[in-house]
Structure formats: structure tokens, C-alpha cells
2 protein chains.
Amino acid sequence: MPLNEIDDVDRKLLDLLREDGRRSFSEMAPEVGLSVAAVKRRVDRLRDIGVITGFTVQIDHTKLGWGIEAFVELSYTGNTAVGEILGTTHKVPEVQAAFTTAGDPDALVHVRVRDIAHLQKVIDGLRRERGVTGTKTLMVLGSWTRSA
Amino acid sequence: MPLNEIDDVDRKLLDLLREDGRRSFSEMAPEVGLSVAAVKRRVDRLRDIGVITGFTVQIDHTKLGWGIEAFVELSYTGNTAVGEILGTTHKVPEVQAAFTTAGDPDALVHVRVRDIAHLQKVIDGLRRERGVTGTKTLMVLGSWTRSA
DNA sequence: TGTGAAATAATACAGTA
DNA sequence: TACTGTATTATTTCACA
């Protein structure tokens, strides 16, 4: 079910776009040995079948004054549904990403804030959410993300 | 201190590119009320000063057969440097991102794998890294990421 | 999938405030 | 310094072989 339809050329195109999402079709075409039109059709198809969900810019948030990053582990009462957890974190603008997990913390939330006072406010806000029974915060000291 | 030089137009451009990193300058120009050339120069400048670090494609890894996502918390011996931690995780291709943290786990690692057996192998590999004293794995059930 | 032509977009540059 | 408008080049897009 998951694929069957993605070949090595598609994977190569995904790699190229992961490195630089604004690469032109004409630049990628010789890399995969196809015509420009064929490359465009492949990328269009990858979007159509949902393998490519979008393109985005990568930003150094430090340079924008959002210098602090943390993960907040959340515990919920037993009757809180997974979907509900993701929904409540969505409303908090400082939350960059949220993950519901199996096991001890029920959710892991990635937040980005300007300073420690700001972090305090965000954590307090998360603690007040319905069903939250406890939090544990991991301040990020350094990080690294694959690819670009 | 970190900026001073980024104005509302720049922020608007970053927002537009976060939603769609392949947006054309000609599409963004009317949105911010500037000429195409002015938009290009602004985006070029945002790259030059390091606010924009790159562009990339967003992929639905489930559709590529990498259906399982987890966070692995790592504890290290006291004499392990932060840089060393990030370095060792870098070698493991299944690691999508790594964060060193202040506090109980010393690092948090985001991994993506094909199946549970694969996850087992990756965790075993991480546990064998020099300085690692313990791990705790959080399997991701659901997730959500801001913007696109 | 490739080709080739028309439509768009990116880029470089001259001129203006 | 930062913009606009124009000319040139490159890229995208699409119909058809």
C-alpha cells in the first residue's frame, strides 16, 4: 500500500529538493537524465499523490530574536483523546510542533520563545489546558537537523 | 541586538515563503506592495544576512514507507561534550534531528524508521554510542507541525 | 517520455527620489 | 540607500508527436 509507484528517479528528485526546494526543473533534469518536462510531471505527480506536501523556507529564528527553544513533555488525564491534545496545543502560537506519544509523557511539544520570561508564560499556558496533569520542560542547548 | 534591520515587509515575505517556499517574486510583490525587483533584493538580503538558511520540500514520509516516528531521550556520562553528542547522532541516517538539552535527558533525538524491528536496531545503535548511559523511547502516535 | 513554442518569471541594469 | 520600470535571459507550462 504505501508505495510501489516511487522509483529511484523520484527519490533522487526528492533529495535534490530537500537540499534546495527552489531548484529549477531545468537544473534537476540533467541530474536525473530526463527532460525538463518529464521532471515537472514527476514533481507534479509527487504533489498529487501526497508524497510532497509543500515547500517551505528554512529560517534562523535566533536572528529574528526568538533565541530560545524547548521541548515540553505533557501528561494528561486518562480520558483525554489524542486528537484533543493536538488541538489544544495548536492554539498556542509559540508551539512549533506537537507530538502525541505512547508511554510516560502523553505528548511532546516543541516551543520557540524570545526569552525565559516568555517561556514561563507559555509553559503556564500549557499547564492550564484542560486535562493537563503535569509538565516537564527540556531547554534546548544545541540542535541539528538533517539535510539543509 | 540580534536585528533592527528586519521590518514588517521582510516578516511578511518570510510568512509567504513559509507557506509556500516556491512562491514567485512576482506573486509576492503585490502582496507587500513593492516591485518584483525590490522583493528579490529583500529575499536575497535575508539569505545574505543568514535569516533565510535555505529552502526545502516537505515530505509525507508515511507515503514513502517510513511509517514510524519516535523520540529517543539519551543520557550521557558527565564528561561528554554537547558538540560530541550532536556529532555522534549525525552518523545515524535514521536520525532526523538531534537536540542537546539542559536537565534530565542530555539529548533528544527524532528518528524515523520503516518498522518496529528497524526502530529496535536504531535504538540499539544509539545505546552503543560512546558515553551513552541510558535511553528512553517515546513512540509518536500523532503529530502536527505549524505552517505548511 | 520528448520536443518546441508561448506564457511567466528571474535577473541585471539604468534611472529616480 | 532603497526603490521602480525596462530589457534580457531563463524557466515553466502545455499541446502534440
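This one's a predicted model, so the numbers in the text were calculated from it and none came from an experiment. Every chain is numbered from 1, with letters handed out A, B, ... down the list of sequences. Computed from heavy atoms alone, side chains included, the values below leave out hydrogens, waters and symmetry copies.
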Asker: For the helix from C:dT1-D:dA17 to C:dA17-D:dT1, what angle separates the axis at the start from the axis at the finish, each from five pairs, in steps of 10°?
Answerer: 30°
Asker: Cationic tip of B:R127 within the cone over B:Y76's six-membered ring, i.e. under 6.0 Å and within 45° of the normal?
Answerer: no
Asker: Rounded to the nearest Å, what distance is computed from the CE atom of residue A:M28 to the C1' atom of nucleotide C:dT1?
Answerer: 17 Å
Asker: Can you give the first and last nucleotides of DNA chain D, 5' to 3', that have an atom under 4.0 Å from a heavy atom of chain A?
Answerer: D:dT11 to D:dC14
Asker: Could B:R112 and B:W66 be counted as a cation-pi pair, given that NZ or CZ must be under 6.0 Å from the ring centre and within 45° of the axis?
Answerer: no
Asker: Using whole Å, report how far CZ of A:R22 lies from P of C:dT11.
Answerer: 8 Å
Asker: Is B:R11 salt-bridged to B:D8, going by a charged N under 4.0 Å from an acidic O?
Answerer: yes
Asker: Against B:L74, only a single residue in B:T80, B:T135, B:T133, B:L108 fulfils side-chain contact (heavy atoms from CB on, under 4.5 Å); can you say which?
Answerer: B:T135
Asker: Run the numbers on A:V111 and A:V95 for side chain to side chain contact (heavy atoms under 4.5 Å, CB included), then give the verdict.
Answerer: CA-CA 4 Å; A:V111 302; A:V95 173; 3.9 Å; yes
Asker: Check whether any side-chain heavy atom of B:L17 lies under 4.5 Å from a side-chain heavy atom of A:R22, and answer yes or no.
Answerer: yes
Asker: Which one of B:F71, B:F99, B:W144 satisfies the ring pair (Phe, Tyr, Trp, His ring centres under 6.0 Å) criterion with A:H110?
Answerer: B:F99
Asker: Any Lys/Arg nitrogen of B:D48 or B:R41 sitting under 4.0 Å from an Asp/Glu carboxylate oxygen of the other?
Answerer: no
Asker: Counting only side-chain nitrogens and oxygens, does B:S26 get under 4.0 Å of the OP1 or OP2 atom of C:dA10?
Answerer: yes
Asker: Can you list, in residue-number order, the parts of residues 35-50 of chain A that come under 4.0 Å of DNA chain C, counting heavy atoms only?
Answerer: A:S35, A:A37, A:A38, A:R41, A:R42
Asker: Taking the side chain as everything from C-beta on, heavy atoms only, tell me whether B:R18 gets closer than 4.5 Å to B:L14.
Answerer: no
Asker: Regarding B:H118 and B:E94, is there a side-chain donor-to-acceptor distance under 3.5 Å anywhere?
Answerer: yes
